[in-house]
Every structure is written in C-alpha cells, then in structure tokens.
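Reading through the structure tokens given below for one structure.
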Amino acid sequence: MKNINLNNQEGYWETNYTNKPKMFGLTPSFAAEEALKVFKKKNISSIVELGSGLGRDTIFFAKNNIKVEALDYSNAAINSIKKKIKEFNLSEFVSAKVFDVRKKLPFEKNTVQGIFSHMLYCMALKNSEVKNLNNEILRVLEKGGVNIYTVRNFEDGDYKNGIHIEDESYQNDGFIINFFSKEKIKELLVGFSNIKIDRFNEGNFPRKLFIVQNQKK
C-alpha cells in the first residue's frame, strides 16, 4: 500500500482543470439540484461550498439566490469561478478563494448556515482527514445547519480497481478516490442527525454515488 498524498494530486487537477474547462459539464450536478431543494426548504440563504471545482454548482446556487463562499485548493479552479462571477455579474452572491480542506476551516464556530460538497469527501483524503474535515464542518455550522455531501460508493466500477493506496482508496488514471460504504458514512454522524442517504448515478461511466444530508443537532 502507498501513502495518500493530496499534494501529489494537485498537479493532476491543475492540468485537467486548465486543459478541460468543461471537465464536468456546465450544467449543475444532480446533487446540487437536490441540495437547493433542502436549502430552500430550511430557509438557508448562505452556504460554503467545499471543493467547488470549476464552479458549475457554485453558479447554479448563486443564480438561485443562495450566497456561496467557494473554496478549492486548485488555483485553476478558483480562477475559473472568478471569471464566471464576472461573466454572470454575481459578485454579490459569490466569493471564491484557494483553500486546503486539511486545514482548520476559516470560519468562526456556529456561523455557517449550510455546507455543500460534491465528491470532496472521496478525494485523496485519508479516513482520518475526512473525519477531521467533518468535525470542522460540525464546528462551523450553526445549530440546525445542514451539511450535504456526495461520495462514490462500493458499487462504483472503479472500486478495487487500479492501485490500492490505503483504507478504501484506489488510484485510477492518476486520480485517487476514497470510496464509502453506508457504515463509513454513519461513522461521521457524531453531532449530526441524518436527514437522508440516497443513491444516484452520474456521468456516462457511470459513477455510483451516495448523497448524504445531515443536520447539526
């Protein structure tokens, strides 16, 4: 087994984001569409998006009157979002900056209404780093605040393919993915109540994912 190193992944993402500006398409993800329903239902008007990528979901939320603070550790991704902010005149709704989610989140305790991340939890993070991130999310969310995230699951075609890194992580085509079972998701529920866990598919492959909706107790 090899050690997971997020730094080694940065080059892959920078190259792909730079060379493939439409890498994940321009339309919002199914996860973002589902998350918007929850945010609207719970009167959440401001969120943090972790691992925002090229901003397809960021812009979708903003166009639906949700203020978004977008964080991603790729300079190319954040630059892409900043261009979209200008293009769609969304400076009142979106801010974006480079940030490494392995660090303490740059928000005070109990100050964030909602958090959204699409496939961030299943990137090149050790299980211990995922738990630390989840604990940080718990810290910054206000009571009753919502955390919605997606992860690729054990039914995904890439699970147990490629190079085994450690835990449930495998490397395919240069990218490291940390796969999740429902049991692994439930281990992250300390301090949260689960609203819903659903399965969905994305892309032509397709990727097999869970969407998880949690609320801070």
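- Note that OG1 of Thr27 is 6.0 Å distant from CZ of Arg56, once rounded to the nearest 0.5 Å.
- Following chains of ILVMFWY side-chain contacts shorter than 4.5 Å, one can reach Ile115 starting from Leu71, so the two form part of one hydrophobic cluster.
- Rounding to the nearest 0.5 angstrom, the gap separating the CG atom in Leu209 from the CG atom in Asp156 is 7.0 Å.
- Side-chain atoms of Lys40 and Asn64 include no donor-acceptor pair closer than 3.5 Å.
- Between Ile165 atom CD1 and Ile176 atom CD1 the span is 4.5 Å, to the nearest 0.5 Å.
- Ion pairing between a basic and an acidic side chain is recognised when a charged N comes within 4.0 Å of a carboxylate O; Lys84 and Glu87 show no such pairing.
- Under the 4.5 Å side-chain heavy-atom criterion for ILVMFWY residues, no single connected hydrophobic cluster contains both Leu120 and Ile81.
- Listed here is the closest heavy atom pair of Phe93 and Asn65: CE2-CA, 3.4 Å.
- Between Gln215 and Gly144, the closest heavy-atom pair is NE2-O, 2.8 Å.
- Side-chain atoms of Asn161 and Asn172 include no donor-acceptor pair closer than 3.5 Å.
- Relative ring orientation between Phe116 and Phe61 is described as perpendicular, the plane-to-plane angle rising above 60° on a 0-90° scale split at 30° and 60°.
- Of the possible donor and acceptor atoms, one in the side chain of Gln171 sits under 3.5 Å from a partner among the backbone N and O of Gly174.
- For the residue pair Glu202/His118, the side-chain donor-acceptor check at 3.5 Å is satisfied.
- Here the side chains of Asn178 and Val130 are in contact, with some heavy-atom distance below 4.5 Å.
- A donor and an acceptor atom, one from each side chain of Glu49 and Thr58, are located under 3.5 Å apart.
- Across every non-hydrogen atom of Val146 and Phe39, the tightest pair is CG1-CE2, 4.4 Å.
- Between the Lys216 side chain and the Leu138 main chain, a donor and an acceptor come within less than 3.5 Å of each other.
- Glu166 and Asn127 are not linked by any side-chain donor-acceptor pair at a separation below 3.5 angstrom, with hydrogens and angles left out of the test.
- In this structure, Asn204 contributes its side chain and Pro206 its backbone to no donor-acceptor pair below 3.5 Å.
- Between Phe179 and Phe154, a ring centre-to-centre spacing not shorter than 6.0 Å is recorded.
- Considering NZ of Lys143 and CG of Leu141, their distance stands at 13.5 Å, rounded to 0.5 Å.
- Separation of atoms CD1 (Ile137) and CG (Asn147) is listed at 4.5 Å; rounding is to 0.5 Å.
- Comment: Glu155 engages Arg199 in a salt bridge, judged by a side-chain N to carboxylate O separation of less than 4.0 angstrom.
- Here the closest non-hydrogen pair linking Ala96 and Lys82 is O-CE, 3.4 Å.
- Leu90 and Ile44 fall into different hydrophobic clusters, where Ile, Leu, Val, Met, Phe, Trp and Tyr are joined by side-chain heavy atoms under 4.5 Å apart, directly or via other members.
- At distances below 3.5 Å, at least one donor-acceptor pair connects side-chain atoms of Glu129 with backbone N or O atoms of Lys126.
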task = Go through the steps for Arg139 and Glu136 under the test salt bridge (charged side-chain N to carboxylate O under 4.0 Å, His left out), then give the verdict.
result = CA-CA 5 Å; Arg139 177 183 68 81; Glu136 271 295 285; 2.8 Å; yes
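- Between the side chains of Asn134 and Tyr149, no donor N or O sits under 3.5 Å from an acceptor N or O.
- With hydrogens and angles ignored, the 3.5 Å screen pairs a side-chain donor or acceptor of Asp57 with a backbone N or O of Ser29.
- A pairwise comparison of heavy atoms in Ile78 and Ser52 identifies CD1-OG, 4.1 Å as the closest pair.
- Cation-pi geometry between Lys184 and Phe180 is satisfied (NZ or CZ under 6.0 Å from the ring centre, within 45° of the ring normal).
- In this structure, Lys196 and Asp198 approach most closely via the heavy-atom pair CD-OD2, 2.8 Å.
- To the nearest 0.5 Å, atom CG of residue Leu125 and atom NZ of residue Lys131 are 13.5 Å apart.
- Residues Met119 and Leu36 fall within the same hydrophobic cluster, defined by Ile, Leu, Val, Met, Phe, Trp and Tyr side chains chained together at heavy-atom separations under 4.5 Å.
- Annotation: cation-pi geometry not satisfied between Lys160 and Tyr170 (NZ/CZ under 6.0 angstrom from ring centroid, within 45° of ring axis).
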